[in-house]
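Before any comments, here is the structure.
Just so it is clear, the structure is predicted and the values come from calculations on it, not from any experiment.
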Amino acid sequence: MIAMHKLVLRSVTKSYTKGTTVLKPFDLVAQSGELIVLVGPSGCGKSTLLKLIAGLEKLDDGQILLGDRDITDAEPRQRKIAMVFQNYALYPHLTVRENLAYPLRRQKLRMPAITEKVAMVARQLRLEELLDRRPSQLSGGQKQRVAMGRAIIREPDLFLLDEPLSNLDAALRTHVRGEIRDLQRRLGTTMIYVTHDQVEAQTLADRVVILRDGEVQQIGPPQEIYARPANIFAAAFLGAAPPNFLAGRVINGRIDVGQASLPFSDLPGECRTALAGREQVYLGLRPELLRAADDHYGDHLVLHGAVSSREIVGNTQNVYFRTDTACADMTRLSALAGRYLTDELVWTTENSNTGDTVKLAIRPEDILFFDAEGQAIGTHGSDTL
Ligand SMILES: Nc1ncnc2c1ncn2[C@@H]1O[C@H](COP(=O)(O)OP(=O)(O)O)[C@@H](O)[C@H]1O
Ligand SMILES: [Mg+2]
């Protein structure tokens, strides 16, 4: 039977030193059995949030509920939460068997029960052959499995994983990622998984929380954030290559983007309404939604350019092309988004050569629109709770 352990964070705030807020009031409800992935750049407060939930740091304000318990002021040990770190934190002088048994010994469980649980977890994580080895005799992936084993053996109400795969090479990361996902599904234990890797976020999450400077940018299922990012930051964070951002000017019922122009009448209704009365907007064009245009793209936005370089990625290519669509006013946008505001755009395609002149088209309904502050317009970001 799967236990019901919903996690509720209410206005959780934290600062380490007076005046510098690491976590703005943070609200989240993780449903029982849900896998929440918390993403954001280094230093945005991800580890801090996990430490607050685990009780390793004290919150300034707010409330934390787990299941039917208020654990805001509970001792870490009483919280029934297991945390897995990037560096595994295994005891080097203990064997795998002893490492797995350790949390149970601390709980003063009796020996036969410990032996039985260790055997069960070893079977689940395919550690049976490794039980007598010490951590120094294990590969990175094996160490990670032991760390996971030590977390699940306590049958916690909640898992907290802090960049657990960062020390693994790419192939192993993909593999262990799948294992963690399967394990979480099988156990049905609520999990908060921290990463700065958007691929991990998209492949693992039931819902993603995008964090920036201690502030939530958007919460929602990965596909929803991809389709309707709440702002330029969220748009740039999720997706294989970040979108191309172009400056556009709203004039007389149309949007001018360099030499290209898009009449309002070609836009979805909600978008038209939201754009009316504005001057400066930004357009986000996902590289994978740009297509080579011939002359039959009547209602599309069509950009002209010359291919400047290309990167081959498996069976597709990232093609960079220069356009006349210079983006002047980027000062009001964030530094991150600003990096992508250039006259060199990326386009993901199967075939193109350097020097080719290209016409690229995108459907109006595929364009993301942002206001001068980088907030989405014309669409609504997903739920904020
Ligand atoms: N113990 C601490 N004392 C003071 N500042 C800290 C402490 N731990 C983290 N910070 C600061 O809080 C911010 C968020 O850190 P952290 O939560 O570790 O970020 P992330 O895990 O997202 O990389 C950073 O600016 C970091 O320097
Ligand atoms: Mg961290």
Side-chain angles (χ1 to χ4, degrees), residues 6-16 19-32 34-54 56-66 71-72 81 83 158-163 190-239 242-243 284 333-337 368 370-371 373-377 379-385:
K6 166 166 139 177
L7 173 72
V8 179
L9 304 175
R10 285 199 191 127
S11 300
V12 170
T13 59
K14 176 70 181 173
S15 51
Y16 288 105
T20 55
T21 311
V22 171
L23 221 52
K24 311 264 166 62
F26 186 99
D27 289 285
L28 176 72
V29 177
Q31 297 302 333
S32 184
E34 195 175 20
L35 203 170
I36 299 273
V37 176
L38 182 61
V39 287
S42 184
C44 71
K46 304 183 294 299
S47 296
T48 298
L49 185 67
L50 291 197
K51 286 183 205 155
L52 294 174
I53 299 171
L56 304 177
E57 289 282 354
K58 243 185 106 40
L59 46 166
D60 297 344
D61 216 343
Q63 200 182 21
I64 305 177
L65 312 172
L66 182 57
I71 58 165
T72 313
I81 292 174
M83 194 156 165
L158 176 69
F159 285 129
L160 303 175
L161 275 69
D162 196 350
E163 310 210 14
T190 316
M191 180 183 282
I192 313 287
Y193 184 106
V194 161
T195 180
H196 58 261
D197 181 329
Q198 64 92 15
V199 178
E200 271 176 40
Q202 295 199 71
T203 51
L204 283 173
D206 291 318
R207 283 188 302 156
V208 173
V209 178
I210 299 186
L211 197 63
R212 177 196 195 186
D213 295 340
E215 205 169 354
V216 172
Q217 304 295 300
Q218 190 167 10
I219 301 181
Q223 312 85 315
E224 197 175 306
I225 296 182
Y226 174 84
R228 287 190 295 281
N231 54 35
I232 282 187
F233 185 84
F237 215 93
L238 238 56
L333 287 164
S334 67
L336 176 87
L368 307 167
F370 304 94
D371 67 16
E373 273 70 48
Q375 297 302 312
I377 48 181
T379 54
H380 301 282
S382 32
D383 58 329
T384 47
L385 251 194

Atom [atom1] in [X], atom [atom2] in [Y]: separation rounded to 0.5 Å?
X	Y	atom1	atom2	value
L66	T72	CG	OG1	10.5 Å
D197	T203	CG	OG1	7.5 Å
L7	I64	CG	CD1	7.5 Å
Q202	I225	CD	CD1	9.0 Å
K51	L23	NZ	CG	12.0 Å
S11	D60	OG	CG	12.5 Å

Taking all non-hydrogen atoms of both residues into account, name the closest pair between [X] and [Y] and its distance.
X	Y	value
A235	L368	CB-CD1, 4.3 Å
I71	I53	CD1-O, 4.1 Å
V22	T48	CG1-OG1, 3.8 Å
A201	P222	O-CG, 4.3 Å
K58	K14	O-NZ, 2.7 Å
Y226	L238	CD1-O, 4.1 Å

With side chains defined as the heavy atoms from C-beta onward, is the minimum distance between [X] and [Y] less than 4.5 Å?
X	Y	result
Y16	E57	yes
M83	L56	yes
D162	L160	no
L49	V194	no
P229	Q218	yes

Open item on the list: Walk me through whether V209 and F26 qualify under side chain to side chain contact (heavy atoms under 4.5 Å, CB included).
Closed with: CA-CA 11 Å; V209 178; F26 186 99; 4.1 Å; yes

[X] and side-chain contact (heavy atoms from CB on, under 4.5 Å): which partner among [options]?
X	options	value
T195	V37, L38, L161	V37
F237	L211, V208, V39, N231	V39
R10	L28, D61, L65	L65

TODO: Return yes if some donor-acceptor pair links the side-chain N/O of K46 with the main-chain N/O of Y193 below 3.5 Å, else return no.
DONE: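 A pair under 3.5 Å: no.
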
Task: Side-chain donor or acceptor of Q31 paired with backbone N/O of V29 under 3.5 Å - done: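 Here the side-chain-to-backbone pair does not exist.
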
Task: Working for side chain to side chain contact (heavy atoms under 4.5 Å, CB included), residues K6 and T190 - done: CA-CA 7 Å; K6 166 166 139 177; T190 316; over 6 Å; no

